[in-house]
Novice: 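Attaching a single structure in C-alpha cells format; questions to follow.
Keep in mind that the numbers below use all heavy atoms, side chains included, and drop hydrogens, waters and symmetry copies. Quantities reported herein were computed from a predicted structural model and do not represent experimental measurements. Residue numbering restarts at 1 for every chain, and letters A, B, ... go by the order of the sequence lines.
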Number of protein chains: 2
Amino acid sequence: MTDPSDVFAAIADGTRRQIFETLAISGPATATGLAGDLNITRQAVAKHLAILAAAGMANSERIGRETRFEAEPTSLKAVETWIAQVDRDWQHRLAALASSLDDLA
Amino acid sequence: MTDPSDVFAAIADGTRRQIFETLAISGPATATGLAGDLNITRQAVAKHLAILAAAGMANSERIGRETRFEAEPTSLKAVETWIAQVDRDWQHRLAALASSLDDLA
DNA sequence: TTCATGCGCAACCAAACAGTTGCGCATGGC
DNA sequence: GCCATGCGCAACTGTTTGGTTGCGCATGAA
C-alpha cells in the first residue's frame, strides 16, 4: 500500500501535476516524449515519473527499449477522502456550536 | 485571489494538514496553543499558519495580545476541482479510445 | 508602573528537492 | 555485427523548506 502522504507530496509540484494531466488526457507516454513538451531534461521528467509511480499515481510498463507510463486516477481518492473528512469535521463543529448556543436560549 | 498552486503546496506538509484538521475540529486557536499539542516551537507553527493564510486556508484575527486562526474549508475547492477535471479528462480519453476501436469493427 | 504573556521579525542551519550533466547498458533497426 | 535510440544510475549544484534560537515590541494583569 502506498502512503497517502506520498500522494499529497506528489501533487504539490506543478510540473508533476502537468505530467499527470498530460497522461490523463493523451494516454501513456515515455519520459523522453514528455520532456519534449515540457522544457526540461528527460532525467528530470524521469524523476517526477518515479515519484508519481511511488505514490501509486502512475504505472510503468517496459516495451522493448521504451518505458511507457500511464496515469492511475483512482490514486487521488486519498486526497478526496481527506477533504471530505475535514469538511465533515468542520460541519460537525458548527452543529455542536449551534446546539450549545440553543442551550443558552 | 489566492494562487491554487499555493493550496497544493500548503496541504503537502503533514504538520500543516494536522494544524488545519485541528482548526476544523476544535475551532479557532493561537500559534502558542497549537504548538503545545504538536511538539514543535511556536515559531514553526506560526510559519505554517502564515503559509495556510497565504493560501487562503486560514483567516487570522487579532484579539488583544492573541492572534486567533480559523480554518477556511472552502479553500479546498480548488483541489477538488482539479481532481474532478483530471477525472473528466481520463474518462473522455477512454471514451474516445473505445469509439475509435468501434470504428475498426 | 511594573511585569509577564504572546506575538512578529530576522538570522541561521540542516535536510530535501528540482534540475543538470555525464556515463554505461540494453534493445531494435540497418 | 554495427550503430543509433532510449533508458537507468550517480554525482553535483542552487534553491526551497521545516525547524531552531534570539530579540524587541505591544498588550493585559497586578
Novice: Please tell me which of A/Arg42 and B/Asn39 maps to the more 5' nucleotide of DNA chain D, matching each residue to the nucleotide holding its nearest heavy atom.
Specialist: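 Comparing both residues, the 5'-ward one is A/Arg42.
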Novice: Would you please confirm or rule out a distance under 4.0 Å between OP1 or OP2 of D/dG19 and any side-chain N or O of B/His48?
Specialist: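 Yes, B/His48 has a side-chain N/O under 4.0 Å of OP1/OP2 on D/dG19.
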Novice: Anything under 30° is parallel, anything over 60° is perpendicular, the rest tilted; go ahead and classify B/Phe8 against B/Trp82.
Specialist: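 Answer is perpendicular, since the angle exceeds 60°.
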Novice: Less than 4.5 Å apart, side chain to side chain, heavy atoms only: is that true for B/Val86 and A/Phe20?
Specialist: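 Yes, at least one pair of side-chain atoms sits under 4.5 Å.
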Novice: Kindly say if B/Arg16 contacts the phosphate of D/dG18, meaning a side-chain N or O under 4.0 Å from OP1 or OP2.
Specialist: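 So the side-chain polar atoms of B/Arg16 do come within 4.0 Å of the phosphate oxygens OP1 or OP2 of D/dG18, strictly under.
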Novice: Over how many whole Å does the gap from B/Leu49 atom CG to D/dG18 atom P extend?
Specialist: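 Value for this atom pair: 13 Å.
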Novice: Report the distance from atom CD of A/Gln18 to atom C1' of C/dG19, rounded to the nearest whole Å.
Specialist: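 In whole Å, C/dG19 C1' lies 15 Å from A/Gln18 CD.
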Novice: Whole angstroms only, please: what is the CG-P distance between B/Leu38 and D/dG18?
Specialist: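 The distance from CG of B/Leu38 to P of D/dG18 comes to 14 Å, rounded to the nearest Å.
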Novice: Looking at A/Glu66 and A/Arg68, is any side-chain nitrogen of the basic one under 4.0 Å from a carboxylate oxygen of the acidic one?
Specialist: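 Salt bridge between A/Arg68 and A/Glu66, a charged N being under 4.0 Å from a carboxylate O: yes.
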Novice: Expressed as a whole number of angstroms, how long is the span from B/Asp13:CG to C/dC17:P?
Specialist: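 It is 11 Å, rounded to the nearest whole Å.
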Novice: Does a side-chain N or O of B/Thr15 approach OP1 or OP2 of D/dT17 to a distance below 4.0 Å, or not?
Specialist: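 Indeed not, no polar side-chain atom of B/Thr15 lies that close.
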Novice: What's the closest nucleotide to the side chain of A/Gln43 if the choices are C/dG19, D/dG6, D/dA10?
Specialist: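 Among C/dG19, D/dG6, D/dA10, the one nearest the side chain of A/Gln43 is D/dA10.
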Novice: CZ of B/Phe8 versus P of D/dT17: gap in Å, rounded?
Specialist: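 Value for this atom pair: 16 Å.
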Novice: Among the nucleotides C/dG19, D/dG18, C/dA4, which one has an atom lying closest to any side-chain atom of B/Ile51?
Specialist: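 Closest nucleotide among those given: D/dG18.
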Novice: Looking only at the side chain of B/Thr67 (C-beta and beyond, no hydrogens), which of the listed nucleotides C/dG8, C/dA18, D/dG6 gets closest?
Specialist: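 Taking heavy atoms from C-beta onward, the closest nucleotide is C/dG8.
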Novice: To the nearest Å, how far apart are B/Ile40 CD1 and D/dT21 C1'?
Specialist: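 Distance check: B/Ile40 CD1 to D/dT21 C1' gives 15 Å.
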Novice: Go nucleotide by nucleotide along DNA chain C from the 5' end; which of B/Arg62 and A/Lys47 gets its closest nucleotide reached first?
Specialist: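 Per heavy-atom nearest nucleotide, the more 5' residue is B/Arg62.
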Novice: Run the numbers on B/Glu61 and B/Phe69 for side-chain contact (heavy atoms from CB on, under 4.5 Å), then give the verdict.
Specialist: CA-CA 7 Å; B/Glu61 181 193 9; B/Phe69 288 83; over 6 Å; no
Novice: Just by distance, do the side chain of A/Ser75 and the backbone of A/Glu72 share a donor-acceptor pair under 3.5 Å?
Specialist: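 Flag set: sc A/Ser75 to bb A/Glu72 pair under 3.5 Å.
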Novice: Roughly how many Å is it from CZ in A/Arg65 to P in C/dT27, rounded to a whole number?
Specialist: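 Distance, rounded to whole Å: 11 Å.
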Novice: Distance check needed: C/dG8 C1' versus B/Glu61 CD, whole Å only.
Specialist: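 Result: 18 Å.
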